[in-house]
Amino acid sequence: QVQLVESGGGWVQAGGSLRLSCAASGRTLSRLAMGWFRQAPGKEREFVAAISSSASRTYYADSVKGRFTISRDSAKNTVYLQMDSLHPGDTAVYYCAARFVLNPASLPDEYAAWGQGTQVTVSS
């Protein structure tokens, strides 16, 4: 089993940046595909970004493409989400998730382990 802990959320003005981290324990992430999702109040959890176990492939939701970057550091057993040019529509609780296969996916049901989430609030 793997435990995931997100950090780095907070409040930022529109146009600003934040970097989220997802630290893993209990299992190395090197053979796990990882994803970031978000959930705004009253809305369903939605896909944000994903990365393969080797980091050779990344995928993004259209709404964040060109503004967000997912990456991973195997030595630190951590996955990151760099978020630039934030706008109020990005306000949500952000979750990282692990998939016990090499390839990433965009559906929440395809991920087996989840962090507790970190709040991101973007003001106009």
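All values below were derived from every heavy atom in this structure, side-chain atoms included, with hydrogens, water molecules and symmetry-related copies excluded.
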State, yes or no, whether a side-chain contact exists between [X] and [Y] at a heavy-atom distance under 4.5 Å.
X: Glu6; Y: Gln116; answer: yes
X: Val120; Y: Leu18; answer: yes
X: Leu20; Y: Thr118; answer: yes
X: Trp114; Y: Arg45; answer: yes

Could you list the residues that satisfy side-chain contact (heavy atoms from CB on, under 4.5 Å) with [X], not counting sequence neighbours?
X: Ser124; value: Pro88
X: Ser30; value: Thr28
X: Ser7; value: Ser21
X: Thr58; value: Ile51, Tyr60, Ile70

Tell me whether Val93 is reachable from Val48 by hopping between hydrophobic residues (I, L, V, M, F, W, Y) whose side-chain heavy atoms are closer than 4.5 Å.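 As far as the 4.5 Å side-chain criterion goes, Val93 and Val48 are not connected within one cluster.
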
With a 4.5 Å cut-off on side-chain heavy-atom distances among I, L, V, M, F, W and Y, is there a chain of contacts connecting Met34 to Val2?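 The answer is yes; both residues are in one hydrophobic cluster.
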
Can you pull out every disulfide bond (SG atoms under 2.5 Å apart) where at least one residue sits in residues 49-124? Sequence neighbours excluded, please. Cys22-Cys96

Those residues that, when tested against [X], pass side chain to side chain donor-acceptor pair (under 3.5 Å) (two or more places apart):
X: Thr121; answer: Gln119
X: Asp90; answer: Arg38, Arg67
X: Ser85; answer: none

Would a line drawn from the ring center of Trp36 to the ring center of Phe68 be shorter than 6.0 Å?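 No, the ring of Trp36 stays outside the 6.0 Å limit from the ring of Phe68, centre to centre.
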
Between Phe47 and Tyr59, does the ring centroid distance fall short of 6.0 Å?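 No, ring centres 6.0 Å or more apart.
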
Which atom pairs, one a donor and one an acceptor, fall under 3.5 Å between side chains of residues 100-110 and the rest of the protein, sequence neighbours left out?
from: Asn103; atom 1: OD1; to: Arg57; atom 2: NH1; distance (Å): 3.4
from: Asn103; atom 1: OD1; to: Arg57; atom 2: NH2; distance (Å): 2.3
from: Glu110; atom 1: OE2; to: Arg99; atom 2: NH2; distance (Å): 3.4

How close do [X] and [Y] get, heavy atom to heavy atom, and via which atoms?
X: Ala33; Y: Arg72; result: CA-NH1, 4.3 Å
X: Ala24; Y: Leu4; result: CB-CD2, 3.8 Å
X: Tyr111; Y: Gly35; result: CE2-N, 3.6 Å
X: Ser123; Y: Trp11; result: OG-CZ2, 3.1 Å

Give a yes or no answer on whether the side chain of [X] reaches the backbone of [Y] with a donor-acceptor pair at less than 3.5 Å.
X: Thr91; Y: Val122; result: yes
X: Asn77; Y: Leu29; result: yes
X: Gln39; Y: Glu46; result: no
X: Ser53; Y: Leu32; result: no
X: Arg31; Y: Ser54; result: no

For Lys65, what residues pass the salt bridge (Lys or Arg N to Asp or Glu O under 4.0 Å) criterion, not counting sequence neighbours? Asp62

side-chain contact (heavy atoms from CB on, under 4.5 Å) for Ser17 and Gln82? Distances and angles first, verdict last. CA-CA 8 Å; Ser17 298; Gln82 176 68 40; 3.9 Å; yes

Could you check whether Thr78 and Asp73, counting side-chain N and O atoms only, form a donor-acceptor pair closer than 3.5 Å? no

Sequence neighbours left out, what pairs pass salt bridge (charged side-chain N to carboxylate O under 4.0 Å, His left out) with at least one residue falling in residues 7-24?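 For residues 7-24: none.
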
Under the ring-ring contact (aromatic ring centres under 6.0 Å, His included) rule, what pairs show up with a residue in residues 74-99, not counting sequence neighbours?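 Not a single pair qualifies under ring-ring contact (aromatic ring centres under 6.0 Å, His included).
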
